[in-house]
Amino acid sequence: MSATYKAIQVTKPGEFATVMKPLVDPGPGQVRIRIEASGVCHSDAGTVEGSFPIIWPRVPGHEVVGRIDALGSGVQGWVVGQRVGVGFLGGFCGYCEFCRNGDLVNCRNQEFTGIHSDGGYAEVMIARATGLVRIPDDLSSVDAAPLLCAGLTTFNALRNSPAKAGDLVAVLGIGGLGHLAVQYARHMGFEVAAIARGSNTAELAKKLGAHHYIDSAATDPAAALQALGGAKVILVTASGGKTITETFKGLRPGGVSINLGAGPEPIEVASVDLIFGERKLAGSLTGNPATADATLRFSALGGVSAMIETAQLDEAPAAYAKMMAGKARFRMVLVTKNGNGQPK
Ligand SMILES: [Zn+2]
Ligand SMILES: [Zn+2]
């Protein structure tokens with residue numbers, strides 16, 4: 001086995017470099033993973049552009065699938081050779097107040113993969129065992145990768161929302177997250193309205209399972225949702241405060257607008273629109289590891305999958321640029337020489 005591995009790291013904001021790094025042993029509670037596939041997510045911009053506090057250099061990427069090739073001391077429940085996933089949340093501590101309350105997502109001592117620690121734009125990574133996700137044998141590594149952030153984020157938000165089967169659920173934005181959210185919403189039994197700008201996306205949205213398509217460039221999306229009875233949930237997968245503002249009044253009383261698209265723009269909502277109708281504005285952060293397991297199983301059982309373009313690891317900078325330009329249809333996944341996770 002080679003004593004070095006290839007990684008695409010960011011050396012300073014906006015600058016990628018291909019490097020060979022020495023192989024290191026996993027520390028206590030950690031595993032070492034031979035990476036097979038790694039999704040490219042919009043949140044990678046937080047690392048690449050340096051909008052998160054980054055200690056340079058840093059390897060981005062938090063939709064990682066690979067095979068464990070070494071276990072650190074004290075790791076239980078995982079074995080060498082097992083195929084695993086790593087998402088944005090890099091593993092909980094187990095002893096902070098939030099962990100002890102069962103709220104693993106909000107652990108106070110959790111690193112973000114590819115931000116505080118090196119992530120998936122590489123052939124190898126070290127990960128905390130508490131953050132690992134099980135990969136079903138019937139999902140390839142490439143197919144599983146985008147489900148670890150884009151999939152989990154949308155699945156978790158819908159699963160924990162107040163919507164019940166038959167309720168109207170709107171998905172705002174049909175991109176990397178939105179095209180998965182529409183499929184999950186349909187498979188969970190909701191009446192699904194997809195909202196995007198322009199008529200080009202209408203056919204795709206219907207194919208993904210949307211019952212209704214609302215062109216927000218041609219019509220007032222809030223009024224269109226009210227004409228359908230009002231949404232119990234609006235899942236906002238696009239970033240930008242204005243998009244939330246212009247759809248918020250499309251909620252029925254007791255409805256919630258759940259924001260998944262991170263951005264610096266403030267969100268303006270009139271207090272009367274919150275109070276009358278008792279509507280809620282919320283955020284949701286990926287999900288815990290057991291929900292990630294469920295996301296992958298649900299996806300495999302229901303045939304939910306991301307539309308994927310693959311690129312070789314060496315092409316990471318170009319793949320990242322394509323994603324940032326909004327030209328990826330819909331998820332870029334980097335592949336390495338380590339294979340595509342065919343079941344052993
Ligand atoms: Zn992500
Ligand atoms: Zn904790």
Side-chain angles (χ1 to χ4, degrees), residues 10 28-30 35 37-49 51-52 54 58-65 85-121 125 127-133 142-157 173 175-181 184 235-239 258-263 283-292 295-296 299 306-309 316 319-320 322-324 326 328 330-334:
V10 182
Q30 295 177 330
I35 296 171
S38 182
V40 177
C41 178
H42 195 271
S43 305
D44 294 346
T47 303
V48 179
E49 315 301 333
S51 46
F52 284 116
I54 302 287
R58 180 61 73 221
V59 178
H62 57 260
E63 293 184 339
V64 195
V65 182
V86 184
F88 183 75
L89 299 176
F92 57 86
C93 74
Y95 57 81
C96 76
E97 181 198 342
F98 292 88
C99 281
R100 293 171 68 217
N101 242 322
D103 182 2
L104 308 180
V105 166
N106 289 303
C107 169
R108 295 288 92 177
N109 304 301
Q110 182 148 240
E111 295 191 329
F112 298 156
T113 310
I115 293 169
H116 303 119
S117 59
D118 283 344
Y121 290 21
M125 79 173 279
R128 215 178 197 180
T130 55
L132 296 179
V133 180
V142 165
D143 285 334
L147 303 179
L148 292 163
C149 178
L152 171 60
T153 299
T154 50
F155 178 87
N156 178 69
L177 268 66
H179 88 293
L180 284 166
Y184 287 130
L235 203 62
V236 183
T237 69
S239 60
I258 306 173
N259 184 18
L260 305 176
S284 182
L285 176 63
T286 71
N288 66 37
T291 307
T295 302
L296 298 188
S299 304
M307 292 165 66
I308 288 168
E309 282 182 51
Y320 170 80
K322 189 168 181 183
M323 178 276 302
M324 287 303 281
F330 278 98
R331 212 66 180 167
M332 304 294 304
V333 176
L334 305 173

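When a ligand or atom number is given, it counts from 1 through the structure's own listing order.
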Considering the options Met125, Glu63, His62, which one meets the side chain to side chain contact (heavy atoms under 4.5 Å, CB included) requirement together with Val86? Met125
Show your working on side chain to side chain contact (heavy atoms under 4.5 Å, CB included) between Leu334 and Val40 and close with a plain yes or no. CA-CA 7 Å; Leu334 305 173; Val40 177; 3.9 Å; yes
I need the minimum non-hydrogen distance between Cys93 and Cys99, along with the two atoms involved. N-SG, 3.8 Å
For the Zn ion (ligand 2), report each protein N, O or S atom nearer than 2.8 Å, sorted by chain and then by residue number. Cys93 SG, Cys96 SG, Cys99 SG, Cys107 SG
The angle formed at the Zn ion (ligand 1) by NE2 of His62 and SG of Cys149 is about (to 10 degrees) 110°
Is it the case that the side chains of Asp44 and Thr47 hold a donor-acceptor pair, with the cut-off being a distance below 3.5 Å and no angle test? no
Report the C-alpha distance between Leu285 and Leu89 in whole Å, list the side-chain angles of each, state the deciding distance to 0.1 Å, and finish with yes or no for side chain to side chain contact (heavy atoms under 4.5 Å, CB included). CA-CA 9 Å; Leu285 176 63; Leu89 299 176; 4.2 Å; yes
Which word best sums up how the rings of Tyr184 and Phe155 line up, parallel for under 30°, tilted for 30 to 60°, or perpendicular for over 60°? perpendicular
